[in-house]
Number of protein chains: 2
Amino acid sequence: MKEKRNNRVSSFDVARLAGVSQSAVSRCYTPGASISEKSRAKVLKAAKELNYSPNIIARSLVQKTTRIIGVVMNRYASPFYSRVLGEFTRKIQEKGHNILLMNIHNEQGVDDILSTALQYQVDGLVITSATLSSTVVESCLQTQTPVVLFNRYSMHNEVSAVYCDGSDGGRKAAELLLPRHRRFACIKGEEGSSTSRDRSQGFIQAIEENGIRDYLCERGDFTYDSGYAAAERLLDRKDRPDAIFCVSDLMALGTMDAARHKFNLKIPEDLSVIGFDDIDMASWSSYDLTTLRQPLITMVDAAISQLFRSIENLDEGTLVRKLKTDLITRTSTRHSP
Amino acid sequence: MKEKRNNRVSSFDVARLAGVSQSAVSRCYTPGASISEKSRAKVLKAAKELNYSPNIIARSLVQKTTRIIGVVMNRYASPFYSRVLGEFTRKIQEKGHNILLMNIHNEQGVDDILSTALQYQVDGLVITSATLSSTVVESCLQTQTPVVLFNRYSMHNEVSAVYCDGSDGGRKAAELLLPRHRRFACIKGEEGSSTSRDRSQGFIQAIEENGIRDYLCERGDFTYDSGYAAAERLLDRKDRPDAIFCVSDLMALGTMDAARHKFNLKIPEDLSVIGFDDIDMASWSSYDLTTLRQPLITMVDAAISQLFRSIENLDEGTLVRKLKTDLITRTSTRHSP
DNA sequence: ATGAAAGCGCTAACAG
DNA sequence: CTGTTAGCGCTTTCAT
């Protein structure tokens, strides 16, 4: 026991059984290689008999390419990021690559995580979490590992990024709400989150430009529960808002539930709510939430194609793509038809 | 361009700079190895200077262990499986291993997917999707790659499995509903799904044992939309059911929305609904769905510990763990208090 | 088209 | 404790 599995069959075993050289069997699994039909048949037959398939780790060592893409995420229990992950895996697998999934639990260990990804010699890196420390950026640069940030952008401009214009989205939300409402509120995410910051700033700036100064702000952490709790604080006041912009759909759904079931408010008659992301639940008929849709598919496509362009052609530069949200108006807000 | 990145620094570079042998630097990164503080310091200094870190691919080749666990899933955009994936990644990373995530899109490609996982020399395999073809089972056996099935079980009994007793869950649902209802219905999942089959059979068997024969059945595909659609078909009948058991929460939520917003029914006065899984949304106040909770954490724990027991000690046998659901009663069903 | 041989970057005996 | 050496399983020249 604990004896390393030495029973794996290698290309030598196959070669011996097939009566050819070991390089012949290697060539059998190398698309462009020149090998006669006769040899190929013998090899394939022997391979099947022994249940052989090439060791990709060994191949990677010599080819200096693993066909592995590291995907770094956190919070992907959220519906939005779980769809993002789904799209990434689908696209990456389509391209014949595989995914090393790395989960960040505390912003703490980001550097460690990234560094083990690099140790696995990933061909590329998708990062939907954390801002890169300069150490990591340097390592990627040095090893020439292509990186693309997803819904993050970097202070250092040596790294590619695809993200959504949160500020513009927040502004659109404000513009929809401004006409028919009097008291505005915003439920943000964690202090450090750049997406939360952008979205809320866009919203606040727009309402301030319209002369409104006494809006309210609360903070959640992007989850349903935190949205519910933040809404409770907001709606408990005598000067309760009649329009709430949440920087994530999940918080918006929590807000709607708090409003309806704890405060007996009617939506949108008593309160308009607007979210951000357009997750599946936003269109469920219990909610029918007005929201800012992130063009998820387009974003993933852009990220993937940028990444693979870098992988295939190392002289490519970096590229930052900033996409716009679509305002999806549903019945959770009062607005002109 | 397209020139393989030859600029990676290797242990030889570090050794040269540090003025020691290459094995010395290797030992520096091998926990139990014997090396003097002096050498270690020299190596570490040189390593930092060159930004060196060991190539895990090369290490894996000689150690015959990659510290990679293959995780095979499908449908993980669903809230339940996205939490499952979250738990798996957390636990696996805690154990110092990493995840190769493989997404199944069509039951078709299962064998290919599994086979590439094996080619990557994964130390173990978690499969939450698909039933294994005997080819794959054989490959795993031969390469001695430990496998654990999650919410699946195998005809072949050479493979470990952890799953939830769906039949028992269905029965519990029936027992809750039997007292106060007259017309029962069940919304199943796809024909081929074993989880769907078990859960619905348990339910149906229990109501039949109570002399009820004229229950209704519809089929969805585990999604909200399909649940909504199935409920529409059910509730459009003049002999509409007053109790519906859905084999997944998502379908149950779709059912509730169809009932309330399309048919103007009151829940639970006009219709009781019960789901399966206990996803987050089930406890949202708009739904407050009675459901059968799968002991997700326990299940993942069991799967992980079984897997690692096999990895660390290859003479272990296979083990099948069948866990029970918990009935979580909420206000979507009429039942005794 | 084919085989022999030289590594890929590392670990693991084996001497010293 | 340290350096030397022999591979891990494969791809890739280089001759043939």
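All values below were derived from every heavy atom in this structure, side-chain atoms included, with hydrogens, water molecules and symmetry-related copies excluded. The sequence lines fix the lettering, A, B, ..., with proteins before strands; numbering per chain opens at 1. Given the structure is predicted, the values throughout are model-derived calculations rather than measurements.
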Notebook entry, point to check: Could you give the CD-to-C1' distance, from B:E37 to D:dT2, as a whole number of Å?
Noted result: 15 Å
Check: If you check the A:A58 side chain, which of D:dG9, C:dA13, C:dC10 turns out closest?
Finding: D:dG9
Notebook entry, point to check: Does A:S23 make a side-chain donor-acceptor contact with the base of C:dA4, cut-off 3.5 Å?
Noted result: yes
Note to self: Can you work out whether B:V62 or B:S39 has the more 5'-proximal nearest nucleotide on DNA chain D?
What the structure shows: B:S39
Notebook entry, point to check: Are A:Y52 and A:Y29 close enough that their ring centers fall under 6.0 Å?
Noted result: yes
Item checked: Length of the CZ-C1' vector between A:R27 and C:dA4, whole Å -> 10 Å
Notebook entry, point to check: Choosing from D:dT4, C:dG9, C:dT2, which nucleotide comes nearest the side chain of A:I35?
Noted result: C:dT2
Margin query: In this structure, how many angstroms lie between the C1' atom of D:dG7 and the CZ atom of A:F12, rounded?
Written below: 11 Å
Margin query: Both B:Y52 and A:K38 contact DNA chain C. Which one's nearest nucleotide lies toward the 5' end?
Written below: A:K38
Next item on the list: State whether A:F308 and A:K95 meet the cation-pi test: NZ (Lys) or CZ (Arg) under 6.0 Å from the six-membered ring centroid, and within 45° of the perpendicular axis.
Entry: yes
Check: When you measure from the side chain of B:D112 to the backbone N and O of B:G109, does any donor-acceptor pair fall under 3.5 Å?
Finding: no
Next item on the list: Nearest whole angstrom, please: distance from the P of D:dG7 to the CZ of A:R8.
Entry: 21 Å
Check: If you check the A:L61 side chain, which of C:dG9, D:dC10, C:dG3 turns out closest?
Finding: C:dG9
Next item on the list: Nearest whole angstrom, please: distance from the C1' of D:dT5 to the CD of B:Q22.
Entry: 11 Å
Checklist line | Selected nucleotide, minimal atom distance to B:S36 side chain, candidates C:dA5, D:dC1, C:dG9 | finding: D:dC1
Check: Reckon A:S11 touches a base, only the sugar-phosphate, or nothing at all at heavy-atom distances under 4.0 Å?
Finding: sugar-phosphate
Check: Does A:D111 use its side chain to pair, donor to acceptor, with the backbone of A:V136 at less than 3.5 Å?
Finding: no
Margin query: Given D:dG9, C:dC10, D:dT2, identify the nucleotide with an atom nearest to the side chain of B:S10.
Written below: C:dC10
Side-chain donor-acceptor pairs of residues 30-39 of chain B under 3.5 Å, sequence neighbours excluded:
residue: B:T30; atom: OG1; partner: B:S26; partner atom: O; Å: 2.9
residue: B:S36; atom: OG; partner: B:S39; partner atom: N; Å: 3.2
residue: B:S36; atom: OG; partner: B:S39; partner atom: OG; Å: 2.9

Notebook entry, point to check: Can a side chain N or O of A:Q63 be found less than 4.0 Å away from OP1 or OP2 on D:dT12?
Noted result: yes
Margin query: Side chain of A:K64, heavy atoms from C-beta onward: which of C:dG9, C:dA1, D:dG9 has the nearest atom to it?
Written below: C:dG9
Notebook entry, point to check: Can you tell me how far P of C:dC8 sits from CD1 of A:I57, to the nearest Å?
Noted result: 18 Å
Next item on the list: Figure out the CD/C1' separation between A:Q121 and C:dC8, and round it to whole Å.
Entry: 11 Å
Notebook entry, point to check: Counting any heavy atom closer than 4.0 Å, what does A:S26 reach on the DNA or RNA strands: base, sugar-phosphate only, or nothing?
Noted result: base
Next item on the list: Please state how far atom NZ in A:K42 lies from atom C1' in C:dA1, giving the value in whole angstrom units.
Entry: 12 Å
